[in-house]
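Just so you know, ligand 1 is whichever comes first in the structure, and atom 1 is the first atom listed for that ligand.
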Amino acid sequence: MAELTPMMAQYMKTKEEYRDCILFYRLGDFYEMFFDDAITVSKELELTLTGKACGLEERAPMCGVPYHAAESYLNRLVSKGYKVAICEQVEDPKLSKGLVKREVIRIVTPGTNLDASMLDDGRNNFLMCIVYTTNSIGLSIADISTGEFYTTEVDTFRGIMDEIYKYAPSEIICNDAFTVSGFDITQIKERLQICISPLDDWYFNDDTATQTVLEHFRVKQLEGLGLSDFPVGTVASGALLTYLEQTQKNDLGQMTSIHPYRIGKFMIIDSFTRRNLELIETMREKQKRGSLFWVLDKTKTAMGARMLRSFIEQPLLNVEAIKQRQDAIEELMKDMISREEIREYLTPVYDLERLISRVTYQNANPRDLISFKTSLSMLPAIKTILSEFHSDLLRNLNEQLDPLEDIHALIERSIVDEPPLLVREGGIIKEGYHTEVDRLKTAKNEGTSWLAGLEEKEREKTGIKNLKIKFNKVFGYYLEVTNSYKDLVPEYYMRKQTLTNAERYITPELKEMEDTILGAQDRLVGLEYDLFCEIRSSIAKEVVRIQQTAKAIALLDVLCSLAQVAEQNNYCRPVVNEKGKIEITKGRHPVVEKMISNDLFISNDTYLDHNKKRVAIITGPNMAGKSTYMRQCALIVLMAQIGSFVPAEKAKIGIVDRIFTRVGASDDLSSGQSTFMVEMNEVANILRNATSDSLLILDEIGRGTSTFDGLSIAWAVVEHISNPKLLGAKTLFATHYHELTELEGKLDNVTNYCVAVKENGDDIVFLRKIVPGGADKSYGIQVAKLAGVPDGVIERAKQIAGELATQDITERVKAIAEENGKKETKKNVPDAMDMAQISLFDVMNDDDILEEIKELEIGNMTPVDALNKLYEIQCKINNRW
Ligand SMILES: Nc1ncnc2c1ncn2[C@@H]1O[C@H](COP(=O)(O)OP(=O)(O)OP(=O)(O)O)[C@@H](O)[C@H]1O
């Protein structure tokens, strides 16, 4: 029977163990893949598929990538959600000659990819672990490239989704209970393109996971890590650490601390709101330009950009913490010169968090250390400038900022300024750092000049003018003579090789020196490598100090960025408090004002409180600016809670616990839901999760269904939201249902506003001003005209609108009144008879009325006739006055 070759048998055995990975199997200068892996890789990376004899009747499909370029191929596969196990040759003296042992040295998965080149879009690369239990759901989140590590607990699936949107992990690992919990995993797998890896149960064993956490952080009790109130979070953290240890096969020295947090520490912004407010990227193009992050990000370092992003995603709830940030920003705003100086010093600072992770992983190269040194050389100057500032946060930050002078000095002393990329090339260690290195270098250099001398000497001695001493890996050093001088070659030259045009020789003298030169070279490279690893390890030992300084630098960068943006855009410092009122004077939309140039943007005021102005119903034509206005309010509140200054002349912001938005009709056909279903899902989510301290932005609720149903739903939603016994949340509610303006006066907490427009003949001019009161017309046809709908269609639309007008209002209001169980009085809902009478009364004057009274024959009238007549006359008089 056909048998696999020994190498293939070894391959199959490894593959058995790493079934869910693609094996990158090291063979000489290549990583090879076989069988199904080869087929997948050739398809995904468009590489040629070949075959290799494997001992079986058919050749094994094979595909390969060169060792030196493997990283980019690997990254491409991983970014498509594949896991790659790297299988390297290892030395094993027990193995018989000719056999090579290979071992998996690391598994690269989407959430554990260290390679910064893939991540240089300023994002973290998070791995998330979800542990589902019936009591609670534990989450842990880590980025091995920066060492960040967080944990929390949530109690709802919505809570999980919110955290997933917040961190946007590349990979999620979870327990089996989660996969069968009822949570729709396809949501995250397919729609968000996140790789999900369910793990075996033993990862989530309470005791083992807890032990893993304690051992990793070298503490005896969970209290020491602040984890005692996070039992399920601890299990998630332990499972995550185990997964990392298994894939990285490394001691994870960069994960020096864990940060447990309660969801209640930050404002909750659900996934729809993140998307609707375009916090990090735009809704349609999914790009940074056009988002709030785009406006606020003037950071100079990658660490700063990452931190700013997390600030935007996690606005604060604590007034004192917000004020601390504001104080720092204000101080930096006032001292423009120092701020600019700091920003200049920050410019050459590399991503220290990622560099130190590479250092602890022992895969930082000599150039990484030079980048490190360049960054560290900026710290003392930054620290000196910072010492002039007085606000608590900046003072605290200065204390945290360790200038790391010892590490700078070590690199400065030991590593040459322009080292090669690869550690094995040598030429890394500076002169004067190590005596043996210096001695070997001298020997090597002397050897080189000795060779030059020998070449000269041999030319003179033999008369071979173009004699050259050359080197290759097979023969070492040799003398090369072209055929034209062949006759002059002396006898003591020993021929080694004949080429077409030349011959190569060696001499005993040359070989003797070769041993010295090559010996020195080999020893030098080896010694330099050892010294480099030693230096790298001693820097790795300082990981805690370096991470702390990196965090301080990132925060300083963010604060400078926010100060810069505030100054450039004329923002004001909002007064934040817990009084529950939102008062914005001359507020602007931070992004739209940048898009259309500052001067053209029309500012608007906002006032919302917990009393009469709880719900604002905003009407106005299409394109008037309703959505812009509402989003602007939400963004100003959010910016204020980040600690940022805001685009307004004045602002007083009562802290809100959540912001919910329902904006526009967003199709979500991929999830199999209709537009209306998506809208109602979002509304349901808001009504279930909002509190009286939340801010709601509702744009055209109900427009996705028939007018009656839509209006009824919108009406009922306003009633629910405005009622403090039911919800009582501060709300901006834009609608095209003018009937809703009737709620002002009927409901205590509702006020009407509209966006003013000016009529100009048949056209309208948008004034973009929010004014009290409801809009009297919808101007839909005028906006359609502006949009370029053909004249014929516009004219016909006007005609139809005219015909519909009379019956329309009456019918719709009646329907709503019935829907809400509030039968309208005759006065509010005039029927057709009343309308006819009123138009008749309109043409009568006072004399006619007197005449009519005079002519009444009271004696012949029944009491009911008299009463009816009296009502009729009263109507006439009322109508007149
Ligand atoms: N205050 C403002 N100053 C200047 N331009 C504005 C202002 N508000 C809105 N705009 C401009 O008007 C455009 C339309 O605004 P927006 O989408 O908010 O209108 P809308 O009333 O919500 O329309 P629709 O009801 O059709 O959704 C925006 O894209 C923006 O360019």
* Answer with yes or no whether the side chains of T273 and N276 bring together a donor and an acceptor at under 3.5 Å. => no
message: Any salt bridge linking R573 with D327? Criterion: basic side-chain nitrogen under 4.0 Å from a carboxylate oxygen.
response: yes
Flag yes if more than 12 heavy atoms outside K581 fall under 6.0 Å of its NZ atom; otherwise flag no. no
Pocket residues around ligand 1 (non-hydrogen, under 4.0 Å) come out as I596, L600, F601, I602, P621, N622, M623, A624, G625, K626, S627, T628, E700, H736, R768
| message | Do the side chains of K334 and E331 get close enough for a salt bridge, i.e. N-O under 4.0 angstrom? | response | no
* To do: Taking the side chain as every heavy atom from C-beta outward, state whether T619 and T735 have any atom pair closer than 4.5 Å.
  => yes
How about NZ on K769, more than 12 heavy atoms from neighbouring residues, nucleotides or ligands closer than 6.0 Å, or not? yes
